[in-house]
Novice: 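Dropping a structure here in structure tokens format, bear with me for questions.
Note that the coordinates shown come from a computational prediction; the quantities given were computed from them, not determined experimentally.
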Amino acid sequence: MAAIALIAASVLVITRRQEFPGWWALMPVLGSYLVILAGPGAWLNRVLLSNPVMVWIGLISYPLYLWHWPLLTFVRIHYGASPPPQAVITLLVGASVGLAWGTYQFLEKPIRSGELRVWMVPGLAMAMIAIGAFGLLDVAMQGFPGRINDEDKREYAAYFYGGSPLIQAEAQDIMQNRCNFYAWDSPVPTLAPRKAIDPSCYMRHSDKSVLIIGDSNAADLYYGLNEVLPKDVSVLLIHSSGCQVSPIIEHIIETHHCNMANYFALRRIAIDPPDVLLLSSNNSFDIEYIRKFSMMVKGYGVKKVLVLGQRPHWKRFLHKIILDEYWKSTPRYIPGHLDDELMSFTKKFQSQLKRDEPFDFVDEMQAFCSAEGCLAFLGDNRREGLITADTVHLRPFASVWLARQQLAPLILRSLGSQ
């Protein structure tokens with residue numbers, strides 16, 4: 001029963017909002033391990049998994065895995081920004097099953113049974129030689145037609161390589177890891193929080209202060225606000241990667257970085273309430289909790305709570321969308337190509353807003369998007385001016401732009417109204 005519960009929970013609980021892979025991957029892995037450990041006599045294995053239909057699915061499962069991925073990938077490339085019709089997806093899944101059965105029946109079984117054993121070693125050797133020759137030809141031609149085969153495109157792709165000194169330096173400015181409770185510097189993956197963040201992250205240096213809390217989409221706002229706001233306004237930051245502002249689970253505060261970040265932020269607000277509190281997260285918030293949270297922090301002395309909606313979250317790295325779809329002519333505003341599943345969270349949050357909320361909702365989409373699409377780059381250069389080096393995090397100059405365009409005026413009005 002534990003195995004079934006773990007596997008069922010994996011299907012129902014693990015979504016894009018969780019850190020996966022990571023520790024969440026242990027749930028389906030442990031469930032599968034328990035199924036195997038139970039042995040052939042267990043009810044699940046004896047009745048359900050021994051069913052002829054389940055056995056047949058198991059036999060074709062590996063070729064099914066191999067076939068479905070390229071078919072679905074190519075159809076998504078074909079349709080570009082628009083999602084493929086459901087009928088096409090269904091047809092391709094059916095085709096994957098048929099191709100998997102054919103692969104098992106006419107290739108895998110003959111090799112396993114020995115009918116093709118005489119040809120197996122020479123055949124595999126010839127296949128390896130052919131693949132090697134194909135690779136050498138690809139290198140000699142500097143890529144086949146339609147691939148990145150000119151110097152400008154190669155330079156553009158290399159510019160955004162995550163390991164480049166420029167992108168690494170920008171990441172340091174944006175991520176503000178000194179204020180991050182996530183153990184980003186741990187040699188092994190862990191959910192345990194860092195023991196402490198730098199005191200400069202939460203200790204004000206002036207009478208007026210703004211505190212930013214949330215995840216990495218809160219962290220990348222710090223750079224711009226710190227540059228744009230007057231120096232007599234302390235810009236503070238407490239965050240943890242991948243974490244929303246959410247209810248604190250007390251018994252795991254010391255073992256989970258999200259709970260520690262939320263606990264520490266709430267404790268600091270109670271000790272030294274900022275004038276303005278700004279909440280930002282890549283995933284939207286639980287509106288009922290945010291209402292309670294806003295009332296709570298206002299009771300501590302916070303004058304204004306600003307809750308940011310999501311900014312554009314691209315399906316793929318923005319520079320790759322430009323390389324694949326808009327290289328010959330890159331519009332400043334690109335239509336489509338957003339991750340609709342993630343963007344639906346903020347739409348749901350907005351649909352639940354009331355007139356008398358204890359917080360002000362700030363729609364970041366208004367700053368970035370218009371009827372033409374969503375902003376891809378600033379200035380006249382689609383490389384130096386690209387607003388993000390990944391799918392969502394602002395580059396330093398884009399953080400400054402957003403601060404000037406939208407956030408700093410809101411904060412200054414809030415500070416001036418006190």
Novice: Side-chain contact test, heavy atoms from C-beta onward, threshold under 4.5 Å: evaluate it for Ile334 versus Ile322 and give yes or no.
Specialist: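 The answer is yes, as the side chains (C-beta and beyond) meet within the 4.5 Å cut-off.
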Novice: Examine Phe106 together with Trp101 and report whether their ring centres are nearer than 6.0 Å.
Specialist: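 Yes, close enough.
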Novice: Knowing that exactly one of Asn217, Ile387, Asn282 qualifies, which makes a side chain to side chain contact (heavy atoms under 4.5 Å, CB included) with His393?
Specialist: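 So, applying the side chain to side chain contact (heavy atoms under 4.5 Å, CB included) to His393 and each of Asn217, Ile387, Asn282, only Asn217 qualifies.
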Novice: Between Pro63 and Leu59, which heavy-atom pair has the shortest distance, and what is it?
Specialist: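 So the minimum-distance heavy-atom pair works out to CD-O, 4.3 Å.
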Novice: How many angstroms lie between NZ in Lys315 and CG in Leu318, if you round to the nearest 0.5 Å?
Specialist: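 Going from the NZ atom of Lys315 to the CG atom of Leu318 covers 14.0 Å.
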Novice: How many angstroms lie between OG1 in Thr73 and NE2 in His68, if you round to the nearest 0.5 Å?
Specialist: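 Between atom OG1 of Thr73 and atom NE2 of His68 there are 8.0 Å.
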Novice: I'd like to know if Arg316 pairs up with Asp324 as an ion pair, taking the criterion as any Lys NZ or Arg NE/NH1/NH2 lying under 4.0 Å from an Asp or Glu carboxylate oxygen.
Specialist: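 A salt bridge links Arg316 with Asp324.
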Novice: Output, in order, the C-alpha distance, side-chain angles, deciding distance and verdict of side chain to side chain contact (heavy atoms under 4.5 Å, CB included) for His239 and Phe181.
Specialist: CA-CA 6 Å; His239 78 105; Phe181 269 105; over 6 Å; no
Novice: Do Trp67 and Thr103 have a side chain donor and acceptor closer than 3.5 Å?
Specialist: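 A pair is found: one side chain offers a donor N or O, the other an acceptor, under 3.5 Å apart.
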Novice: Would Tyr62 and Tyr104 count as a close aromatic pair, with their ring centres under 6.0 Å?
Specialist: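 Not close enough - the centres of the two rings lie 6.0 Å or further apart.
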Novice: For Ile249, is there any backbone N or O sitting under 3.5 Å from a side-chain donor or acceptor partner on Asn259?
Specialist: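 Yes, the answer is positive, given that a donor and an acceptor are paired below the 3.5 Å cut-off.
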Novice: Roughly how far apart are Met260 CE and Arg194 CZ, rounded to 0.5 Å?
Specialist: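 Interatomic distance, Met260 CE to Arg194 CZ, rounded to 0.5 Å: 12.0 Å.
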Novice: Output yes when a side-chain donor or acceptor of Glu227 lies under 3.5 Å from a complementary backbone atom of Phe397, and no otherwise.
Specialist: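 Flag not set: sc Glu227 to bb Phe397 has no pair under 3.5 Å.
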Novice: Consider only side-chain N and O atoms of Arg178 and Ser200, and report whether a donor and an acceptor are under 3.5 Å apart.
Specialist: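 The criterion, which ignores hydrogens and geometry beyond distance, is satisfied for Ser200 and Arg178.
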Novice: Could you tell me whether Tyr182 and His257 have their ring centroids closer than 6.0 angstrom?
Specialist: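 Distance test on ring centres: under 6.0 Å, yes.
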Novice: Ignoring hydrogens and geometry, is there a side-chain-to-backbone donor-acceptor pair from Ser216 to Ser241 under 3.5 Å?
Specialist: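 Side chain of Ser216 to backbone of Ser241: no pair is present.
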Novice: Can you tell me how far CG of Leu166 sits from CD of Glu384, rounded to the nearest 0.5 angstrom?
Specialist: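 That separation rounds to 8.5 Å.
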Novice: Taking 4.0 angstrom as the limit, do Lys208 and Asp232 come out as a salt bridge?
Specialist: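 Looking at Asp232 together with Lys208, the answer is no, because their closest N to O distance does not fall below 4.0 Å.
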Novice: Does Glu254, at its CD atom, have more than 12 non-hydrogen atoms belonging to other residues, nucleotides or ligands within less than 6.0 Å?
Specialist: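 Check fails, neighbour count at 12 or below.
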Novice: Decide side chain to side chain contact (heavy atoms under 4.5 Å, CB included) for Leu386 and His319; before the verdict, give the C-alpha distance in whole Å, the side-chain angles of both, and the deciding distance to 0.1 Å.
Specialist: CA-CA 8 Å; Leu386 200 71; His319 73 274; 3.7 Å; yes
Novice: Step through the shown structure and confirm whether more than 12 heavy atoms of other residues, nucleotides or ligands are within 6.0 Å of OH on Tyr263.
Specialist: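 No, the 6.0 Å shell around OH holds no more than 12 heavy atoms from other groups.
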Novice: May I have the step-by-step check of side chain to side chain contact (heavy atoms under 4.5 Å, CB included) for Ile174 and Tyr222, ending in yes or no?
Specialist: CA-CA 8 Å; Ile174 284 302; Tyr222 175 89; over 6 Å; no
Novice: Would you call Arg204 and Asp272 a salt bridge, taking side-chain N to carboxylate O under 4.0 Å as the test?
Specialist: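 Yes, charged N to carboxylate O under 4.0 Å.
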Novice: Do the ring centers of Tyr202 and Phe264 come within less than 6.0 Å of each other?
Specialist: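 Under 6.0 Å, so yes.
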Novice: Evaluate whether atom CG of Asn381 has more than 12 neighbouring non-hydrogen atoms of other residues, nucleotides or ligands under 6.0 angstrom away.
Specialist: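 Yes - once you tally the heavy atoms of other residues, nucleotides and ligands closer than 6.0 Å, there are more than 12.
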Novice: Determine yes or no for a side-chain-to-main-chain donor-acceptor pair under 3.5 angstrom, with Asn262 supplying the side chain and Cys258 the backbone.
Specialist: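 Yes.
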Novice: Considering only heavy atoms from C-beta outward, does the side chain of Cys369 approach that of Pro312 to under 4.5 Å?
Specialist: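 Touching, per the 4.5 Å side-chain cut-off.
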Novice: Using modelled atom types and a 3.5 Å cut-off, is there a donor and acceptor pairing between side-chain atoms of Ser206 and backbone atoms of Ser234?
Specialist: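 Indeed, once roles are kept as given, a pair shorter than 3.5 Å links the two residues.
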Novice: Partners of Phe368 by ring-ring contact (aromatic ring centres under 6.0 Å, His included), sequence neighbours excluded?
Specialist: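 Applying ring-ring contact (aromatic ring centres under 6.0 Å, His included) to Phe368 gives Trp401.
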Novice: Yes or no on side chain to side chain contact (heavy atoms under 4.5 Å, CB included) for Val210 and Asp275, after CA distance, side-chain angles and deciding distance?
Specialist: CA-CA 6 Å; Val210 177; Asp275 299 282; over 6 Å; no
Novice: What do you reckon, is CH2 of Trp56 surrounded by more than 12 foreign heavy atoms closer than 6.0 Å?
Specialist: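 Atom CH2 in Trp56 is crowded, with more than 12 foreign heavy atoms closer than 6.0 Å.
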Novice: When you measure from the side chain of Thr346 to the backbone of Met343, do you find a donor-acceptor pair of N or O atoms at a distance under 3.5 Å?
Specialist: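 No, the answer is negative, given that no donor and acceptor are paired below the 3.5 Å cut-off.
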Novice: For Tyr156, give me all partners under ring-ring contact (aromatic ring centres under 6.0 Å, His included), at least two apart in sequence or on another chain.
Specialist: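 Expected list: Phe160, Trp327.
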Novice: Of all the heavy-atom pairs spanning Leu221 and Arg311, show the shortest one and how long it is.
Specialist: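 Looking at all heavy atoms of both residues, the closest pair is CD2-NH2, 3.4 Å.
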Novice: Counting neighbours of NZ on Lys231 that are heavy atoms of other residues, nucleotides or ligands and sit closer than 6.0 Å, is the number greater than 12?
Specialist: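 Check passes, neighbour count above 12.
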Novice: Going by the side chain to side chain contact (heavy atoms under 4.5 Å, CB included) test, name the single residue among Val233, Leu237, Leu407, Val400 that passes it with Leu225.
Specialist: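 Of Val233, Leu237, Leu407, Val400, side chain to side chain contact (heavy atoms under 4.5 Å, CB included) with Leu225 is met by Leu407 alone.
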Novice: Mark yes or no for whether Asp339, through its side chain, and Leu342, through its backbone, hold a donor-acceptor pair below 3.5 Å.
Specialist: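 Yes, the answer is positive, given that a donor and an acceptor are paired below the 3.5 Å cut-off.
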Novice: Between Val307 and Val362, is any pair of side-chain heavy atoms under 4.5 Å apart?
Specialist: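 No - every pair of side-chain heavy atoms lies 4.5 Å or more apart.
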Novice: Between Leu278 and Ile411, which heavy-atom pair has the shortest distance, and what is it?
Specialist: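 Of all heavy-atom pairs spanning Leu278 and Ile411, the closest is CD1-CD1, 4.2 Å.
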Novice: Just verifying a value: how many Å separate Ile213 CD1 and Gln244 CD, rounded to the nearest 0.5 Å?
Specialist: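 Ile213 atom CD1 to Gln244 atom CD measures 12.0 Å (nearest 0.5 Å).
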Novice: Could you tell me whether Arg291 and Asp286 have a side-chain N and a carboxylate O separated by less than 4.0 Å?
Specialist: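 No.
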Novice: Centroid separation under 6.0 Å, is that true for the rings of His337 and Tyr326?
Specialist: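 They qualify: ring centres under 6.0 Å apart.
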Novice: So Phe349 and Phe361, do their side chains get closer than 4.5 Å, heavy atoms only?
Specialist: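 They are in contact (side-chain heavy atoms under 4.5 Å apart), so the answer is yes.
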Novice: Would you indicate whether Lys298, at its atom NZ, is surrounded by more than 12 heavy atoms from other residues, nucleotides or ligands within a distance under 6.0 Å?
Specialist: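 Count over threshold, so yes.
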Novice: Where is the tightest heavy-atom contact between Ala367 and Leu402, given as atom of each residue plus distance?
Specialist: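 For Ala367 and Leu402, the tightest heavy-atom pair comes out as CB-CD1, 3.8 Å.
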Novice: Taking Val235's backbone N and O only, do any of them form a donor-acceptor pair with His205's side chain (distance below 3.5 Å, no angle check)?
Specialist: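 Between the backbone of Val235 and the side chain of His205 there is no qualifying donor-acceptor contact (under 3.5 Å).
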Novice: Nearest 0.5 Å, please: how far is CE in Met54 from CG in Asn45?
Specialist: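 Rounded to the nearest 0.5 Å, the CG-CE separation comes out at 10.5 Å.
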Novice: Under the 3.5 angstrom rule, does the side chain of Gln176 hit a backbone N or O of Asp173 as a donor-acceptor pair?
Specialist: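 Side chain of Gln176 to backbone of Asp173: a pair is present.
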Novice: Pro230 and Leu412: which non-hydrogen atoms are nearest, and at how many Å?
Specialist: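 Minimum heavy-atom separation between Pro230 and Leu412: CD-CD2, 3.7 Å.
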Novice: Tell me whether the count of non-hydrogen atoms from other residues, nucleotides or ligands lying under 6.0 Å of CG in Asp185 goes above 12.
Specialist: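 Check passes, neighbour count above 12.
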Novice: Identify the heavy atoms of Asp220 and Ser399 that sit nearest to each other, and give their distance.
Specialist: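 For Asp220 versus Ser399, the nearest heavy atoms are O-OG, 2.6 Å.
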Novice: Which residues pass the side-chain contact (heavy atoms from CB on, under 4.5 Å) test with Met295, sequence neighbours left out?
Specialist: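 Partners of Met295 under the side-chain contact (heavy atoms from CB on, under 4.5 Å) test: Pro358.
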Novice: Under the 3.5 angstrom rule, does the side chain of Asp390 hit a backbone N or O of Phe317 as a donor-acceptor pair?
Specialist: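 Side chain of Asp390 to backbone of Phe317: no pair is present.
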Novice: Tell me whether the guanidinium CZ or amine NZ of Lys292 lies under 6.0 angstrom from the six-membered ring centre of Tyr289 and within 45° of its axis.
Specialist: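 Verdict for Tyr289: no cation-pi partner in Lys292.
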Novice: Between Asp215 and Ser280, is there a side-chain donor-acceptor contact under 3.5 Å, judged purely by atom types and distance?
Specialist: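 Side-chain D/A pair, Ser280 to Asp215: absent.
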Novice: Below 4.0 angstrom, N of the basic side chain to O of the carboxylate: do Glu357 and Lys354 qualify?
Specialist: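 The answer is no: the pair does not qualify as a salt bridge.
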